[in-house]
Amino acid sequence: MIIAEHILQNAVKKGITQLYNLNNLPLSFQKTRKEFEGDFTLVTFAFTKETKKSPEQIGNDIGAYLIANEPQIVAFNVVKGFLNITLSDTFWLNYFNSIKSNATIGLKNPNSSGKTVMLEYSSPNTNKPLHLGHVRNNLVGYSVAQILKGAGHTVIKANIINDRGIHICKSMLAWQKWGNGETPESSGLKGDHLVGKYYVIFDKEYKKQIEELVNKGKTKEEAEKLAPLIIEAQQMLLKWEAGDKEVVDLWKKMNGWVYNGFAVTYKSLGVDFDKMYYESNTYLLGKELVQEGLQKNIFYKKENGSVAIDLTAEGLDEKIVLRSDGTSVYITQDIGTAIERFKEFPQLNQLIYTVGNEQDYHFKVLFKILEKLGYQWAKECYHLSYGMVELPEGKMKSREGTVVDADDLINEMFNTAQQTTEELGKVANFTEDELKELYRTISMGALKYFILKVDPKKKMLFDPKESIDFNGHTGPFIQYTYARIKSVIRKTDLNFDTQLQTVSFNQIEKELIKLIYDFEGTVEEAAKLYNPSIVANYAYELTKLYNRFYHEFNILKEEDETIKRFRLQLSFTCSQTLYNAMNLLGINVPERM
RNA sequence: GGUCCCAUAGCUCAACUGGAUAGAGCAACGGUUUUCUAAACCGUAGGUCCUUGGUUCGAGCCCAAGUGGGACUACCA
């Protein structure tokens, strides 16, 4: 329990009451910056108005009070409006003793918060393989789920597969026309790639037809609607909706290929789901709710028969929720599925959608509509909006082939990991299987860390010409440090039997303990903000500091037995903290590398 | 046209949500290994935090205007 802040809060509160007879001033402590002496800092500018004293005076008053009245506080200094407070070494040692052998350091007990969250992520289309943009979605979604679990929430990971619609029919039609019965087995292609190939073929042929029509004098818009291929695809969609056996069988067959392909990619990425939804089952949901909304006058019928909602008062536009022919649009089914999920899971407190920021507007509208329909939980719906992954030349576009394919990238990373490891030549006694496992761990560590270290909200750049690094601020650096600690521990007997009573630790050791102390708050903050990058950057800070420690001080060769034991325990606790932090990111750490 | 997002070192990203002298990695340059894993460590160099005004004890962060970039604004999904 964030014990240090607790002590400071209470002591300072009492002090202010006694010194100035003031109550309920908001106190906020921050970590003291490295350049200054101290552990925590109280900013005293905030109290100048109430106390009518200078910030320096206030700092000195409170500081003196703390020294006199709180035995755990041993020193203070004042710089301008900053009161820097130092806690005793005993306090930090006690803290360390209390957590050092705790495997779940920083994490709350599973399901202890009483809050249940459904987190939807991944949500692929079944007409093409996954690319780097999807990878970011999967990694962010999975990591946020891990972090929310770490914060004690119950998390249901959900995936809604976009398995129907005109885009699926495009692949199907192209395969029918030009596929010659090709299968994943006959072609040696991964199922999702095979289907994606025909999606691209469709687009190429479709563009040809458009061009021909334009040459015959049609406008581009007319040509896009008149091209025989698109008309055929639309007919196929109608047949699918009517349950036409031939179309449905083809659809099942090709979707099956895609699912097999996705399963491989998901396994590589290390992501999984508790609940699968399929749009082919849910796309009709929401229609009857439109009737309900009409009766409540939340929606209105337009002259042409379509149904809409007016959100101009909210700063949004008018939005169609049902077409004039009575069929639904995308948001209709989103309304339906949201309601369905809260019915299916009555204990649900929150619904999180991991979807790119290009859909910010869509979700604003969706949540507003749900709110207007009177659902109390509407305000607990949250769009976990992440930025696009861009290439140096701009956004990735599937149809134009300017995408970084997920499987290709994963394979490349694997090869780089293998090559780098072989060059370093430290794995002579690994078996073949152990090596493969190690390359997987390192390559995915590099890829995942690369993506998760940046704030999900921001767009990020990926340059395929520059391979993802294995040195510096990277996943492998953290993994290496973990393995390094394990290597030291393997050489001796680590035991926590006796508590350390008195150890005078050096500056870096104290900083390490303080940093370990920060982990719990870091996890809480990351959970509050749905932001894995906070955990990623924390892990890096701890790693860097540990390496400095490792370089400057001996552990096994230390002659003073007490210090040796302390350093060993401290190293272990660092490794455990790194393990937990990386686990929140979905990154494995190797025992040796 | 309207709405929203973004702009920090040559490049990729931080900055604990308004606090102290804006930090890392990569790239460049120099150094460290008979010692627990050199995927490491130490050092040098690199900044008009897009611009201009405002708010305040204090602004990279808040407000206003401008510049540049992006997304959205379908009876597509």
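In what follows, every chain begins at residue 1, and chains take the letters A, B, ... in the order their sequences are listed.
By the criterion of a centre-to-centre distance under 5.5 Å and near-parallel planes under 30°, the ring of A/F45 forms no stack with the base of B/G58. Residue A/F82 and nucleotide B/A20 are classified as a stacked aromatic pair, their ring centres being separated by less than 5.5 Å at an interplanar angle below 30°.
Per the geometry, CD1 belonging to A/I485 stands 13 Å off P belonging to B/C41, to the nearest Å. Between the CG atom of A/D469 and the C1' atom of B/C13 there is a distance of 13 Å, rounded to whole Å. If you measure from atom CG of A/L447 to atom C1' of B/U12, you get 15 Å, rounded to the nearest angstrom. Protein atom CD1 of A/I230 is 12 Å distant from nucleotide atom P of B/A77, rounded to whole Å. Whole-Å rounding puts the A/Y386 OH to B/C5 C1' distance at 16 Å. Distance, A/R33 CZ to B/A24 C1': 14 Å, rounded to whole Å. Atom pair A/Y540:OH and B/A24:P shows a separation of 9 Å (rounding to whole Å applied). Straight-line distance from the OH atom of A/Y480 to the C1' atom of B/C36: 11 Å, rounded to whole Å.
Pairing partner, B/U8: none, since no Watson-Crick or wobble contact has both distances short of 3.5 Å. In this structure B/G1 sits in a base pair with B/U73, meeting the Watson-Crick or G-U test at under 3.5 Å.
Relative orientation of the A/W240 and A/Y283 rings is tilted, given thresholds of 30° and 60° on the angle between their planes. Ring geometry for A/F40 against A/Y517 counts as perpendicular: the plane angle is over 60°, on a 0 to 90° scale with 30° as the lower cut. Ring pair A/H473/A/Y540 is parallel by interplanar angle, where below 30° counts as parallel and above 60° as perpendicular.
For A/K31, whose side chain is taken as the heavy atoms from C-beta onward, the closest listed nucleotide among B/U12, B/C16, B/C4 is B/C16. Checking B/A77, B/A71, B/U73 against every side-chain atom of A/R164, the shortest atom distance belongs to B/A77. Nearest nucleotide to the side chain of A/V79, out of B/A39, B/A14, B/A20: B/A20. Ranking B/A20, B/A77, B/C41 by closeness to the A/F477 side chain, first place goes to B/C41. Closest to the A/R548 side chain, of the nucleotides B/U37, B/C41, B/A77, is B/C41. For A/H167, whose side chain is taken as the heavy atoms from C-beta onward, the closest listed nucleotide among B/A77, B/G19, B/C36 is B/A77. Side-chain proximity of A/K395 to the nucleotides B/G19, B/C72, B/U17 is greatest for B/C72. Distance from the side chain of A/Q30 is smallest for B/G19 among the nucleotides B/A77, B/U37, B/G19. Residue A/K458 places its side chain closer to B/A7 than to any other of B/A38, B/A7, B/A20. For A/H473, the side-chain atoms get nearest to B/G25 when compared with the rest of B/U21, B/A77, B/G25.
With RNA chain B read from its 5' end, the first of the two nearest nucleotides for A/D455 and A/T41 is the one closest to A/D455. Of the residues near RNA chain B, A/E466 and A/N554, the one whose nearest nucleotide (by heavy atom distance) lies more toward the 5' end is A/E466.
Here the separation of B/A45 from B/C50, taken at their P atoms, is 24 Å to the nearest Å. Distance noted for atom P between B/U44 and B/C4: 46 Å (whole Å). Of the P atoms belonging to B/C76 and B/G19, the separation is 48 Å, rounded to the nearest Å. B/U21 sits 35 Å from B/U33 when the C1' atoms are compared, rounded to a whole Å. Nucleotides B/G18 and B/C13, compared at atom P, are 23 Å apart to the nearest Å. Taking the C1' atoms as reference points, B/G54 lies 15 Å from B/C61, given to the whole Å. Atom P of B/C49 sits at a distance of 30 Å from the matching atom of B/C41, rounded to the whole Å.
Contact record, A/V365 with A/I331: CG1-CD1, 3.6 Å, taken as the closest heavy-atom pair.
Inspection of the A/Y353 and A/D334 side chains reveals no N or O donor paired with an N or O acceptor under 3.5 Å.
Counting non-hydrogen atoms under 4.0 angstrom, A/T421 reaches a base of the nucleic acid.
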Item to check | Trace of the ring pair (Phe, Tyr, Trp, His ring centres under 6.0 Å) decision for A/F202 with A/Y199 | outcome: CA-CA 5 Å; A/F202 177 93; A/Y199 185 66; 7.4 Å; no

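A donor and an acceptor atom sit less than 3.5 Å apart, one in the side chain of A/N84 and one in the base of B/A20.
Of the listed residues (A/K514, A/R548, A/R567), just one forms a salt bridge (charged side-chain N to carboxylate O under 4.0 Å, His left out) with A/E509, and that residue is A/R567.
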